[in-house]
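One structure below.
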There are 2 protein chains.
Amino acid sequence: MRFWVGEGELHVVKRGEGDDVVTTTPAAPDAVAVHELGDEPAVRERARAIPEAAVARLAVYLRVLSGLAEQNVTTISSEELSVAAGVNSAKLRKDLSYIGSYGTRGVGYDVDVLVSEIERILGLTRKHSVAVVGIGNLGHALANYGGFPSRGFPVAALFDVDPDLMGVPVGGIPVSHIDEIASVCAEREVSIGVIATPPPAAQAVCDRLVSAGVQCILNFAPVVLQVPDDVEVRKVDLAVEMQILSFHVARRADLASAEQAAVDAMNGTGMSGVDGVVIRP
Amino acid sequence: MRFWVGEGELHVVKRGEGDDVVTTTPAAPDAVAVHELGDEPAVRERARAIPEAAVARLAVYLRVLSGLAEQNVTTISSEELSVAAGVNSAKLRKDLSYIGSYGTRGVGYDVDVLVSEIERILGLTRKHSVAVVGIGNLGHALANYGGFPSRGFPVAALFDVDPDLMGVPVGGIPVSHIDEIASVCAEREVSIGVIATPPPAAQAVCDRLVSAGVQCILNFAPVVLQVPDDVEVRKVDLAVEMQILSFHVARRADLASAEQAAVDAMNGTGMSGVDGVVIRP
DNA sequence: TAATGTGAAGGAATTCACAGCC
DNA sequence: GGCTGTGAATTCCTTCACATTA
């Protein structure tokens, strides 16, 4: 007999750490806690205690807090921290409330406490070995970050197809052939794969990472990867970022000309670059 | 006499392109269209016709569509395109509806039409010169992308402080000293600045870019930049990306143990790694 | 008194579902 | 019949505002 756990239903009290709780979505009114296989919901179970957007910000808070800790700041208010992190203070407090109540009313938060709680939530207490696939310009740069941005993400393996690169150490790690991806990833316990290949190779590389058991992928290739539901993909897409900025440049220009047109209209000098300004009642 | 344009009030019919309209937020009930300076709202004017999230996806659709165009695909349905872009088809149609009605019911979209409409909206019909500041590992990689991901974003200037780098060409462009940032950016009409410096230098570099008149910044330094409201910053933060993936690894592990615990509980074998399973009524 | 933590309100983005058109 | 375009419903996220607590 096998069971699965339905959404919004299971609450697990973890060992240690006081009344710390893994919570799912708010209620689930008349739900039954454990179902037999057969009436599975369409989407696979997801414990959504912490909104995705909040997770990204927690990582930012962590960095700011680490900086403060190095400067021997011991306590900080939500207001100060929110300014340093570039968010509003209510949002910051709500984000922190997702991980528990570690502040002191009238005082603020203990920096060290927050650092370790956020690290715990983000799973930074374990090591996550990284494999970089595609040792071109970008792959080199990534491998040479050495230990990858902030400790805890050691680069454990490098892969490419270029025979000239095989065995060549980059950032201290010798490059392996991509055909060895399964064995090397297993052996070195890689949990995160980074794809830095040319676009045409990306999907195939992704497939091989997935069949090697890697469930988290950071994709630098400008390609939409198709993966099974249980694999998490984050992408870093320079072209998209540039194009978003381009959109804002264009929007700014449109606004400027709209404003100019409004001024012209008021001055009765006619339109310039615009055919008409329509004003809502 | 100067005027500015209030939010949700100005509608501008642009030259050419049929009934194409730059629209702001839905209503703004009793608002006046043109204000004199003095009663400015707190937040600076933003024409929000297209949600930010949709803009990012439009860039992705554009890439997929360009690929299709190269394969001489002339027509595509929202369903097919949405699969290729990794989104759901209703979202795709809604996103496309923000830019106009270019589809044909019962048929689909003309690939070339969509490509040019998206390019127009994203402002890709103009050239956007890019300056890269910080010619280390990453700066090199970026400069060597040569013309930057997808045409339309030529790298026009490189800056650093290292005397050994001055004048050295990287990706065909000689490196300038950062002290020349204002004059060089003006002369080469840089509209996008890319910060690839070490973290401690990032804010100062950002300030100099801003005073050089650059209003769009892509920041690779793991630092929260403080900028005026009229400057657009996008960040690419590897540490944050890795930590989000780490969070998912951790969540997966928690889920696995929770599910295991549920199974154990049902089997009456007691808890393993969990103190109690609390089931909501 | 000062600042957290959080219901509740508000807004934005997503998804549904179907009218309208080819 | 098939597919777009879009109001309406829903879900998710943000912000407000204040009761609560050290």
Side-chain angles (χ1 to χ4, degrees), chain A residues 7-8 19-21 23-29 41-43 46-58 60-61 74-83 85-111 113-114 117, chain B residues 7-8 19-21 23-29 41-43 46-58 60-61 74-83 85-111 113-114 117:
Chain A
E7 179 139 359
D19 56 352
D20 198 6
V21 170
T23 316
T24 58
T25 33
V43 182
R46 282 188 223 170
R48 290 283 272 94
I50 307 183
E52 186 77 17
V55 172
R57 287 189 300 266
L58 284 172
V60 174
Y61 306 153
T74 57
T75 291
I76 191 162
S77 70
S78 63
E79 185 59 36
E80 296 168 294
L81 182 52
S82 71
V83 170
V87 304
N88 113 359
S89 68
K91 192 192 286 183
L92 176 123
R93 287 200 300 280
K94 179 133 288 190
D95 288 344
L96 293 182
S97 80
Y98 293 126
I99 67 173
S101 298
Y102 300 106
T104 306
R105 288 163 201 249
V107 179
Y109 300 90
D110 183 284
V111 172
V113 169
L114 274 195
E117 290 304 326
Chain B
E7 178 138 1
D19 57 352
D20 198 5
V21 171
T23 316
T24 58
T25 34
V43 182
R46 281 187 224 170
R48 292 283 272 94
I50 308 183
E52 185 78 16
V55 172
R57 287 189 299 266
L58 284 171
V60 173
Y61 307 153
T74 58
T75 291
I76 191 162
S77 70
S78 63
E79 185 58 35
E80 295 168 296
L81 182 51
S82 71
V83 170
V87 303
N88 112 0
S89 70
K91 191 192 288 185
L92 177 124
R93 288 199 302 280
K94 180 134 287 192
D95 287 344
L96 293 181
S97 80
Y98 292 126
I99 68 174
S101 297
Y102 300 105
T104 307
R105 289 163 200 248
V107 179
Y109 299 90
D110 182 284
V111 172
V113 169
L114 273 195
E117 291 304 326

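Lettering of chains follows the sequences in order, A, B, ..., and the numbering in each one begins at 1.
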Whole angstroms only, please: what is the CG-P distance between B:Asn88 and C:dA13? 16 Å
Looking at A:Ser78, I'd like to know whether one of its side-chain N or O atoms comes within less than 4.0 Å of OP1 or OP2 on C:dT4. yes
Taking the side chain of B:Ser97 as its heavy atoms from C-beta onward, which of C:dT15, D:dT4, D:dG5 lies nearest to it? D:dG5
A:Tyr98 side-chain N/O to D:dC12 phosphate OP1/OP2 under 4.0 Å: no
Does the side chain of B:Arg57 get closer than 4.0 angstrom to OP1 or OP2 of C:dA13 through an N or O atom? no
Would you mind reading off the distance between B:Glu79 atom CD and C:dC16 atom P, rounded to a whole angstrom? 12 Å
Send over the distance from A:Arg105 CZ to C:dT6 P, rounded to a whole Å. 7 Å
Output, in order, the C-alpha distance, side-chain angles, deciding distance and verdict of side-chain contact (heavy atoms from CB on, under 4.5 Å) for A:Tyr102 and A:Leu96. CA-CA 8 Å; A:Tyr102 300 106; A:Leu96 293 182; over 6 Å; no
Determine, stepwise, if the pair B:Val55 / B:Tyr98 fulfils side-chain contact (heavy atoms from CB on, under 4.5 Å). CA-CA 10 Å; B:Val55 172; B:Tyr98 292 126; over 6 Å; no
Specify the separation, in whole Å, of atom CD1 of B:Ile76 and atom P of D:dT4. 10 Å
D:dA17 P sits how many Å from A:Lys94 NZ, rounded? 14 Å
What distance do A:Tyr109 atom OH and A:Leu81 atom CG have between them, rounded to the nearest 0.5 Å? 8.5 Å
My understanding is that only one of B:Arg93, B:Lys91, B:Lys94 makes a side-chain hydrogen bond (donor to acceptor under 3.5 Å, both in side chains) with B:Ser78; could you say which? B:Arg93
For DNA chain D, whose closest nucleotide is more 5', that of A:Ala90 or that of B:Gly106? B:Gly106
Could you check which of D:dC13, C:dT4, D:dT15 has an atom nearest any side-chain atom of A:Lys91? D:dT15
Contact under 4.0 Å: B:Arg93 side-chain N or O vs C:dT15 OP1/OP2: no
Here the distance between atom P of D:dT15 and atom CG of A:Leu96, to the nearest Å, is 15 Å
Please state how far atom CG in B:Asp95 lies from atom P in C:dT14, giving the value in whole angstrom units. 7 Å
Starting from P on D:dT14, measure out to CG on A:Leu58 and report it in whole angstrom. 12 Å
Rounded to the nearest 0.5 Å, what separates atom OH in B:Tyr61 from atom CG in B:Asp95? 3.5 Å
